[in-house]
Amino acid sequence: MRTLFISDLHLNTDAPEVTRGLLRYLQQTACGAKSLFILGDLFDAWIGDDLLDQAGMPLADIAHEVIQGLRELTDNGTRVFLMHGNRDFLLGDRFIQACGATLLQDPAYMELQGTPLLLRHGDSLCTRDEAYMAFREQARNPAWQAQILALPLDQRLALAKSLRLQSGEANADKSEAIMDVTHQEVVDSMAHYGVACMIHGHTHRPQVHALHVEGMPAKRYVLGDWSREYGWDIVIDDSEDTHPEPQLRQFPLQEPP
């Protein structure tokens with residue numbers, strides 16, 4: 001049985017190819033899998049579940065297509081888990097329940113065939129980016145979220161656009177090292193949960209990193225972000241191996257694995 005992990009699709013109205021690629025992936029790759037974990041930033045921005053009431057709005061139409069695709073998957077027996085990212089942290093119960101999915105806390109500890117894994121979106125590991133960490137603390141505050149969700153929809157749309165522009169401008173002035181994870185934060189996190197394997201996204205730097213945690217060998221798997229041409233996933237096939245090794249894959253959206 002296969003377990004799949006994806007993140008950072010950043011679905012939006014400007015890249016319909018990614019939405020079509022995801023729907024194809026759900027039908028051809030995820031169908032029949034044991035579980036699908038979406039580790040944050042499924043959408044490039046999410047302004048509240050009441051977006052689903054906006055018939056004819058392009059982003060709402062995309063959301064309903066995604067809900068239908070995920071619902072078909074869960075109805076056929078694949079468990080779907082959703083984790084909030086730094087762009088879609090306002091995804092709420094209505095969306096998640098419509099998909100038949102389960103909300104996953106960040107970080108999330110799990111065991112697969114007896115092997116402990118730690119799952120994260122990844123933004124909380126970027127501790128050297130002090131400005132972002134301050135925003136993250138504010139954005140994950142329930143009182144702040146309630147205040148934002150109380151705004152009229154058009155104001156929330158404008159705010160999301162403004163935040164994306166500000167983020168792009170701020171990141172342009174930051175070093176690559178600042179926007180990547182902090183190594184010691186990774187090690188401390190893995191040691192705290194007693195794992196030798198971590199999977200996360202967020203940084204858009206797909207790679208498998210070897211490291212040591214409390215003197216023992218460990219690995220950190222980083223998912224890639226999806227583009228108009230390519231997607232990324234991690235697959236763990238535990239049908240035969242008692243200690244399955246995660247496989248990081250890039251694939252064309254026209255021909256998912």
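Sequential numbering from 1 along the given sequence is applied to the chain's residues. Worth saying up front: this structure is predicted, and the values here are computed from it rather than measured.
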Please assess Leu59 against Ile47 for the test side chain to side chain contact (heavy atoms under 4.5 Å, CB included), listing each intermediate value before the final yes or no.
-> CA-CA 10 Å; Leu59 185 56; Ile47 57 172; 5.7 Å; no

Describe, in one word, how the ring planes of Tyr193 and Tyr109 are oriented to each other, choosing from parallel (under 30°), tilted (30 to 60°) and perpendicular (over 60°).
-> parallel

For the pair Phe37 and Phe81, name the ring-plane relationship: parallel under 30°, tilted 30 to 60°, perpendicular over 60°.
-> parallel

Side chain His84, main chain Leu91, donor-acceptor under 3.5 Å = yes

Check whether any side-chain N or O of Arg128 sits under 3.5 Å from a backbone N or O of Val181 as a donor-acceptor pair, and report yes or no.
-> yes

Would you say the side-chain atoms of Thr29 pair up with the backbone N or O of Leu26, donor to acceptor, closer than 3.5 Å?
-> no

If we only count heavy atoms from C-beta on, is the His200 to Val186 side-chain gap below 4.5 Å?
-> no

Hey, mind stepping through Asp41 and Arg87 against salt bridge (Lys or Arg N to Asp or Glu O under 4.0 Å) and telling me if it holds?
-> CA-CA 5 Å; Asp41 285 356; Arg87 297 294 188 94; 5.3 Å; no

Donor-acceptor contact present, side-chain His10 to main-chain Trp226, <3.5 Å | no

Answer yes if Phe135 and Ile148 sit in the same cluster of Ile, Leu, Val, Met, Phe, Trp and Tyr residues linked by side chain heavy atoms under 4.5 Å apart, and no otherwise.
-> yes

Can you hop from Tyr230 to Leu248 via hydrophobic side chains spaced under 4.5 Å?
-> no

Side chains of Ser189 and Arg120 in contact at under 4.5 Å (non-hydrogen atoms) = yes

Backbone of Leu42 reached by a side-chain donor or acceptor of Asp88 within 3.5 Å = yes

Between the side chain of Arg156 and the main-chain N/O of Leu151, is any donor-acceptor distance below 3.5 Å?
-> yes

Under 3.5 Å, side chain of Thr3 to main-chain N/O of Ser35, donor-acceptor pair present?
-> no

Test side chain to side chain donor-acceptor pair (under 3.5 Å) applied to Arg94 and Asp50, Asp53, Asp49, the passing residue = Asp53

Are Leu223 and Met83 linked, directly or through other ILVMFWY residues, by side chains that come within less than 4.5 angstrom of each other?
-> yes

With no hydrogens and no angle check, do the side chains of Asn86 and His121 hold a donor and an acceptor under 3.5 Å apart?
-> yes

Is it true that a side-chain atom of Asp8 and a backbone atom of His202 form a donor plus acceptor pair closer than 3.5 Å?
-> yes

Test item: Asp237 side-chain N/O and Arg2 main-chain N/O as donor-acceptor pair under 3.5 Å = no

Under 6.0 Å between ring centres, would you say that holds for Phe251 and Tyr25?
-> yes

Apply side chain to side chain contact (heavy atoms under 4.5 Å, CB included) to Met57 and Leu157, showing your working.
-> CA-CA 12 Å; Met57 180 179 287; Leu157 285 168; 4.2 Å; yes

Mark yes or no for whether Arg24, through its side chain, and Leu253, through its backbone, hold a donor-acceptor pair below 3.5 Å.
-> yes

